[in-house]
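Scroll down for the structure; my scribbles are underneath it.
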There are 2 protein chains.
Amino acid sequence: MPATLLHPPLGQSRYGVLAQALRSRILQGEWAPGDMMPSESSLAASYGVALGTIRQALSLLVEDGVAVRLHGKGTFVTKGMDGASMMRFFRFSDSDAALEPPESHILSSRLRQATDAEAHAFGLGSSGQVFQFERLRTLRSEPCLLESIVLPLPLFGALAESDSSAWDDLLYPMYQARCGVLIHHAQDELSFAQLGAREAKRLRLTAGHPCVRVDRKAYDIAGRCVEMRVTRGDAFSFKYTAQVK
Amino acid sequence: MPATLLHPPLGQSRYGVLAQALRSRILQGEWAPGDMMPSESSLAASYGVALGTIRQALSLLVEDGVAVRLHGKGTFVTKGMDGASMMRFFRFSDSDAALEPPESHILSSRLRQATDAEAHAFGLGSSGQVFQFERLRTLRSEPCLLESIVLPLPLFGALAESDSSAWDDLLYPMYQARCGVLIHHAQDELSFAQLGAREAKRLRLTAGHPCVRVDRKAYDIAGRCVEMRVTRGDAFSFKYTAQVK
DNA sequence: CAGTGGTCTAGACCACCGC
DNA sequence: CGGTGGTCTAGACCACTGG
């Protein structure tokens, strides 16, 4: 049980301070992803605040996607995204909308010096190292997506030293299992380009063929960028749906 | 002042019922877009509920984007989207990110029978009529986007009968001013295609040139589809940013 | 059944806005 | 200054979950 804090709000609301305190306890691993947090009433008691106040604090965490409430069961720390849920707005192979998870094939991997952009995004010092690998995703053995993935190196050392043939098809759960990195959200930038010769060969298309290019940066709960990824695929079998509000 | 309702919740929470009641009063025009709604305390009094309950109801409206709260001033009915805000995730002419609003040129317009898909989306009976027009958008006199816009006809009669040369560059505010239609949200579907000869000429590109195609359906506050639009532009000077959570 | 989150109340006080 | 929304309290009762 933590120290019974009762900070008076200083330019901040009390529930905002409480939310930050709870967020910190989650980040420090006091409750693992999937764990149940203490009940609202016990949190209220231990922090010496009213129930409604702690509920507002928890609501902030729920909005952030850090916690989820289950009526009658409790409040739980979020489990990370599974990668499939991040593809929910995309559609490839226009005919069938059936969502079979594509297979995954690692083509190559290597360690190298981080570029300036990577060092900046990952918060690495100069001469930071990264681990990069290429992955081909297939649907019923048909190549559909080519991915180039870059990970910052102290953090993903365990992955870099492991055998890529034993990797899981779903990367994000594997990041969590092997390196304790939990993907929380991401930003995708879509653009169109033409395939280079090497890429075209992988995808069984011709050089210069139109392709979609998705530049993704993925972040953990703490808001640190922990993955950069470029995905390419045939432009003609591509659809993306966005809700604008 | 409306009848002082105090429905006991029947499978529903009280604040949910209150939110629906307030939503109805907005849809019926009791408070126009931009108007201030009654204060929370007066609403609570007139409905005979506690302040916290009416606040939860209003929070639902705020989540929906139907109302906004301004501390110290009041709660206001949302003004519609202005079209510019719906482009905030797009970028054309890759060089400069400066957001100049593109100019608008109406190329043609006509009345015609609705297709099955349009009749279904707009909720028109068979033999429903629509108003369709084409619009070219330019940036510093350079063509960049070609739009084909379809509107359901009883609703947009005032527009169909007016002189298109006097139209505003921003369509959505004009819909509201002339036809009382307020755009609340939209769904965009991005895909990739090639320009036809006629389209290419408008955009000063060659036939077969790669283009992005954005299929949009726009909805009013009540959730009715009130506009269908297809936008085309050069695929290579296009970027789209999406936040994935 | 006991424990959880969800709803609702009644009232106090604070922070912000505009006159 | 009065009116608005924002925060916080203390407590009651309901609805859902699981043993």
Side-chain angles (χ1 to χ4, degrees), chain A residues 1 4-23 25-26 31 34-79, chain B residues 1 4-23 25-26 31 34-79:
Chain A
M1 191 175 302
T4 304
L5 302 177
L6 180 52
H7 275 278
L10 63 175
Q12 286 251 346
S13 59
R14 194 167 303 181
Y15 71 81
V17 175
L18 286 171
Q20 195 48 52
L22 293 171
R23 203 178 265 110
R25 293 174 69 178
I26 291 174
W31 309 297
D35 279 5
M36 176 179 159
M37 298 173 64
S39 72
E40 299 181 339
S41 52
S42 74
L43 281 174
S46 70
Y47 280 109
V49 300
L51 227 177
T53 304
I54 208 70
R55 274 184 63 78
Q56 285 188 82
L58 287 173
S59 293
L60 289 184
L61 299 189
V62 170
E63 275 180 56
D64 277 7
V66 173
V68 287
R69 283 200 252 244
L70 296 183
H71 193 166
K73 298 179 73 174
T75 304
F76 298 80
V77 176
T78 303
K79 306 162 108 151
Chain B
M1 190 176 302
T4 305
L5 302 176
L6 180 50
H7 275 278
L10 62 177
Q12 287 252 342
S13 59
R14 194 166 301 180
Y15 70 81
V17 176
L18 286 171
Q20 195 48 53
L22 294 171
R23 204 178 264 111
R25 292 173 69 179
I26 291 174
W31 308 298
D35 279 5
M36 176 180 158
M37 297 173 63
S39 72
E40 299 180 339
S41 52
S42 74
L43 281 174
S46 70
Y47 280 108
V49 300
L51 227 177
T53 304
I54 208 70
R55 274 183 62 78
Q56 286 189 80
L58 286 173
S59 294
L60 289 183
L61 298 189
V62 171
E63 274 181 58
D64 277 7
V66 173
V68 287
R69 282 199 254 243
L70 296 183
H71 193 165
K73 298 180 72 175
T75 305
F76 298 80
V77 176
T78 304
K79 305 163 108 152

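These figures come from a predicted structure and were not determined experimentally. Below, chains carry the letters A, B, ... as their sequence lines are ordered, and counting in each starts from 1.
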Nearest-Å distance, CD (Glu40(A)) to P (dA10(D))? 16 Å

Length of the line joining Leu43(A):CG and dG5(C):P, which is rounded to integer Å: 8 Å

Using a 4.0 Å heavy-atom cut-off across all strands, classify Met37(A) as base, sugar-phosphate, or nothing. nothing

Could you check how far CG of Leu70(B) sits from C1' of dG3(D), rounded to whole Å? 14 Å

Taking for Ser13(A) and for Pro38(B) the nucleotide of DNA chain D with the nearest heavy atom, the one nearer the 5' end belongs to Pro38(B)

Atom pairs, protein N/O to nucleotides 15-19 of chain C N/O, distance under 3.5 Å:
unit_1	atom_1	unit_2	atom_2	d
dA15(C)	N3	His71(B)	NE2	3.0
dG18(C)	OP1	Lys73(B)	NZ	3.3

Any Ser39(A) side-chain N or O less than 4.0 Å from OP1/OP2 of dG3(C): no

Would you mind writing out the side-chain donor-acceptor pairs for residues 55-68 of chain B within the sub-3.5 Å range, not counting sequence neighbours?
unit_1	atom_1	unit_2	atom_2	d
Arg55(B)	NH1	Glu40(B)	OE1	3.1
Arg55(B)	NH1	Glu40(B)	OE2	2.9
Ser59(B)	OG	Arg55(B)	O	2.9
Ser59(B)	OG	Arg69(B)	NH2	2.5
Asp64(B)	OD2	Arg23(B)	NE	3.4
Asp64(B)	OD2	Arg23(B)	NH2	2.4

Between atom CG in Leu18(B) and atom P in dT7(C), what is the gap in whole Å? 13 Å

May I ask you to verify if any side-chain N or O of Tyr15(B) is less than 4.0 angstrom from the OP1 or OP2 atom of dT7(C)? yes

Just how far, in rounded Å, is P of dT7(C) from CG of Leu60(B)? 9 Å

Return the CD to CD distance between Gln12(A) and Gln20(A), rounded to the nearest 0.5 Å. 8.5 Å

Establish, with yes or no, whether the OP1 or OP2 oxygen of dG5(C) is under 4.0 angstrom from a side-chain nitrogen or oxygen of Thr75(A). yes

Shortest non-hydrogen pair, Trp31(B) vs Met36(B), comes out as CD1-O, 4.4 Å

What do the steps show when you test Val17(B) against Tyr47(B) for side-chain contact (heavy atoms from CB on, under 4.5 Å), and what is the final call? CA-CA 11 Å; Val17(B) 176; Tyr47(B) 280 108; over 6 Å; no

Are OP1 or OP2 of dG6(D) and a side-chain N or O of Arg14(A) less than 4.0 angstrom apart? no

Distance in Å, Thr75(B) OG1 paired with Leu70(B) CG, rounded so as to fall on 0.5 Å steps: 8.0 Å

Within this structure, what is the CZ-to-C1' distance between Arg69(B) and dG3(D), rounded to whole angstrom? 16 Å

Using a cut-off of strictly less than 4.0 Å between a heavy atom of the residue and any atom of DNA chain D, enumerate the qualifying residues of residues 50-57 of chain A by number. Ala50(A), Thr53(A)

The test is side-chain contact (heavy atoms from CB on, under 4.5 Å); show your working for Leu22(B) and Leu43(B) and say whether it passes. CA-CA 10 Å; Leu22(B) 294 171; Leu43(B) 281 174; 4.1 Å; yes

To check you understand the geometry: which heavy-atom pair defines the closest contact between Ser42(A) and Pro38(A), and what is its length? OG-CB, 3.4 Å

d(OH, Tyr47(A); P, dT7(D)) in whole Å: 19 Å

